[in-house]
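One structure below.
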2 protein chains.
Amino acid sequence: MPMEEPRWLDDRERAAWIGFLSATNLVSRKLEQQLKDDAALSHTQYEVLVQLSAAPDRSLRMTELAERLVTSKSGLTYQVTQLERAGLVARRSCPSDVRGVIAELTDRGMEVLREAAPGHVAAVRESLIDVLTPEQLDHLAAGLGEVSRRLRGCTPP
Amino acid sequence: MPMEEPRWLDDRERAAWIGFLSATNLVSRKLEQQLKDDAALSHTQYEVLVQLSAAPDRSLRMTELAERLVTSKSGLTYQVTQLERAGLVARRSCPSDVRGVIAELTDRGMEVLREAAPGHVAAVRESLIDVLTPEQLDHLAAGLGEVSRRLRGCTPP
DNA sequence: CCGGCTTGGTTCAAATTGGAATCAAGCCTC
DNA sequence: GAGGCTTGATTCCAATTTGAACCAAGCCGG
């Protein structure tokens, strides 16, 4: 095997990559912080509530939820258990598939989400949205949207 | 307190935010995977090696390193200990400050990094860089660069 | 209807993380 | 030069994350 020289990143590419790494870490840290302080929720937990609140019947199958959150199934099991203990989410069994488990947002969960949302949205604005011009925001959405689509599908050529 | 209605995200903003969340999770997951499989390193560990390899004397103070990686000091202590056990990094004491600890990349660490780098760069290209057009890449770099700068500095108005 | 493969979720153990507490050492100010 | 605040790093502990193993339960082809 010829051990080809890899295509290293040029300066522009490196800048984008570094920016991506820093920005994601910083934003993630900041939001985690804000949610913990203001709503006693982890970001993962908050996202569970958001997904459920937007779903029909305020409920989703575990697997579907795991895919949307881009997390492992076991990780989701853990977090849903936590949320269940806190009374924000309930587990129901799935009518169409005995094996299935449906997570459903409780009224209390809805209320907690409603209370947490304004502060969280403000933090999202402060750390990302309002930092950029509308054009920058659109470019960002286009680029990252493409990245997501590419990685979700099985990377077709 | 009047409890003002918060400024919710409009569709464009929401799209950007969703894209950001998905893309970061997916990319992070993919790279973590690739490094674990191909080089038996976590992404954090890889980044430690990268930072050290690029620093003068292949060495950096713990705090400086923690800031660059955007991680907690205790987390860094842990990872450096792991890397030290593996012989990839060594701890030295700092000449100018008795309290200081300097992490230094060993020859073995340099070698491991050299072996891991091509595969990692390829994965970075595949998941982010090569997915975008050069223009998109520049826009991305500009936007995320701004975000990073804003969050690193104490968010001046 | 019966093995055999895939799916849906949970359980388990191991690794990682992050914050608070700790401890030593630098840096002042008075 | 003594007391008091800040800094640098580690230790400790509780929470989280992940993959592997596992246990049903569906879904066939023969």
Side-chain angles (χ1 to χ4, degrees), chain A residues 24-48 59-86 88-104, chain B residues 24-48 59-86 88-104:
Chain A
T24 57
N25 283 329
L26 289 164
V27 169
S28 149
R29 234 175 151 61
K30 170 142 183 169
L31 295 185
E32 204 72 55
Q33 191 60 52
Q34 181 271 324
L35 282 170
K36 199 74 81 185
D37 290 349
D38 297 353
L41 291 171
S42 70
H43 190 228
T44 314
Q45 292 171 341
Y46 181 85
E47 282 303 313
V48 169
S59 57
L60 284 173
R61 291 282 291 267
M62 294 295 281
T63 298
E64 170 67 14
L65 197 44
E67 270 166 25
R68 296 199 192 189
L69 298 191
V70 192
T71 191
S72 66
K73 287 195 295 178
S74 55
L76 181 63
T77 293
Y78 174 78
Q79 286 299 354
V80 166
T81 303
Q82 297 307 102
L83 289 168
E84 197 171 28
R85 278 197 196 141
L88 310 188
V89 163
R91 270 187 242 247
R92 292 194 295 107
S93 58
C94 178
S96 63
D97 187 339
V98 185
R99 299 168 301 173
V101 171
I102 295 181
E104 180 177 19
Chain B
T24 56
N25 283 329
L26 288 166
V27 169
S28 149
R29 238 176 149 58
K30 171 142 183 169
L31 295 185
E32 203 72 56
Q33 192 59 52
Q34 180 271 324
L35 281 170
K36 200 75 80 186
D37 291 348
D38 297 353
L41 290 171
S42 70
H43 190 227
T44 315
Q45 292 171 340
Y46 181 85
E47 281 304 313
V48 169
S59 57
L60 285 172
R61 291 282 292 267
M62 293 296 281
T63 298
E64 172 66 13
L65 197 44
E67 271 167 24
R68 297 198 190 190
L69 299 191
V70 191
T71 191
S72 65
K73 286 196 293 179
S74 54
L76 180 64
T77 294
Y78 174 76
Q79 286 298 355
V80 166
T81 303
Q82 298 307 102
L83 289 169
E84 196 172 27
R85 281 200 192 135
L88 310 188
V89 162
R91 270 187 241 248
R92 292 195 295 105
S93 58
C94 177
S96 62
D97 186 339
V98 184
R99 300 167 301 173
V101 170
I102 294 181
E104 180 176 18

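Note that the coordinates shown come from a computational prediction; the quantities given were computed from them, not determined experimentally. All heavy atoms count here, side chains included; hydrogens, waters and symmetry mates do not. Below, read A as the first sequence line, B as the second, and so on, with proteins coming before strands; counting in each chain starts at 1.
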**Request:** Can you see which heavy atom on B:Pro95 is nearest to which on B:Ile102, and at what distance?
**Result:** CD-CD1, 4.0 Å
**Request:** Starting from C1' on D:dG8, measure out to CD on B:Glu67 and report it in whole angstrom.
**Result:** 11 Å
**Fill in**
Taking every heavy atom of A:Arg91 against every heavy atom of A:Thr77, the minimum-distance pair comes out as NH2-O, 3.8 Å
**Asked** What is the distance from CG of A:Leu76 to C1' of C:dG8, rounded to the nearest Å?
**Response** 12 Å
**Message:** With a cut-off of less than 4.0 Å, is there a side-chain N or O of B:Thr44 near OP1 or OP2 of C:dT16?
**Reply:** no
**Asked** Among D:dT16, C:dT11, C:dG18, which is the nearest nucleotide to the side chain of A:Tyr78?
**Response** D:dT16
**Message:** Restricting to non-hydrogen atoms, name the atom on B:Ala103 and the atom on B:Met62 that form the minimum distance, rounded to 0.1 Å.
**Reply:** CB-SD, 4.3 Å
**Prompt:** In whole angstrom, what separates A:Ile102's CD1 from C:dG9's C1'?
**Reply:** 13 Å
**Prompt:** What's the spacing between A:Lys30 NZ and A:Gln33 CD if we round to 0.5 Å?
**Reply:** 10.0 Å
**Item:** Whole-Å distance separating the CG atom of A:Leu60 from the P atom of C:dG9
**Value:** 11 Å
**Asked** If you take all heavy atoms of A:Asn25 and B:Leu69, which pair is closest and at what distance?
**Response** ND2-O, 3.8 Å
**Asked** Which is true for A:Glu32 with a 4.0 Å heavy-atom rule: it touches a base, it touches only sugar-phosphate, or it touches nothing?
**Response** nothing
**Prompt:** Does A:Arg29 make a side-chain N or O approach to OP1 or OP2 of C:dT17 shorter than 4.0 Å?
**Reply:** no
**Message:** Using a heavy-atom cut-off of 4.0 Å across all strands, would you classify B:Thr63 as base, sugar-phosphate, or nothing?
**Reply:** sugar-phosphate
**Asked** How close or far is atom C1' of C:dT16 from atom CD of B:Glu47, stated in whole angstroms?
**Response** 17 Å
**Request:** Just call it for A:Thr81: base, sugar-phosphate, or nothing, with non-hydrogen atoms closer than 4.0 Å on any strand.
**Result:** nothing
**Request:** Looking at every strand, decide which applies to A:Gln33 at a 4.0 Å heavy-atom threshold: base, sugar-phosphate, or nothing.
**Result:** sugar-phosphate
Atom pairs under 3.5 Å, N or O on each side, protein against nucleotides 23-25 of chain C: can you list them with distances?
from	atom 1	to	atom 2	distance (Å)
C:dA25	N3	B:Arg99	NH1	3.3

**Request:** Nearest whole angstrom, please: distance from the P of C:dT10 to the CD of A:Glu84.
**Result:** 9 Å
**Message:** OP1 or OP2 of D:dA9 versus the side-chain N and O atoms of B:Arg91: is any pair under 4.0 Å?
**Reply:** no
**Message:** For a quick test of reading the model, state the closest non-hydrogen atom pair linking A:Arg61 to A:Cys94 and the distance between them.
**Reply:** NH1-SG, 3.3 Å
**Prompt:** If each of A:Ser96 and A:Gly75 is mapped to the nucleotide of DNA chain D with the nearest heavy atom, which maps nearer the 5' terminus, i.e. the 5' end?
**Reply:** A:Gly75
**Message:** Rounding to an integer number of Å, can you tell me how far B:Gln45 CD sits from C:dT17 C1'?
**Reply:** 13 Å
**Nearest-nucleotide pick for B:Ser72, side chain only, options being C:dG19, D:dT10, C:dG9** = C:dG19
**Message:** Check the phosphate of D:dT16 against A:Gln82, side-chain N and O only, distance under 4.0 Å to OP1 or OP2. Yes or no?
**Reply:** yes
**Message:** Looking at A:Ser74 and D:dG19, is any side-chain donor or acceptor paired with a base atom of the opposite kind under 3.5 Å?
**Reply:** yes
**Prompt:** Counting just side-chain N and O atoms, does B:Gln79 come under 4.0 Å of either OP1 or OP2 of C:dA15?
**Reply:** no
**Message:** Rounded to whole Å, please give me the gap between NZ in A:Lys36 and P in C:dG19.
**Reply:** 9 Å
**Request:** For B:Lys36 and B:Ser42, work out which heavy atoms get closest and say how close.
**Result:** NZ-CB, 3.9 Å
**Message:** Base, sugar-phosphate or nothing for B:Thr71? Non-hydrogen atoms, less than 4.0 Å.
**Reply:** sugar-phosphate
**Message:** Working to the nearest 0.5 angstrom, can you tell me the gap between B:Glu32 CD and B:Thr44 OG1?
**Reply:** 6.0 Å
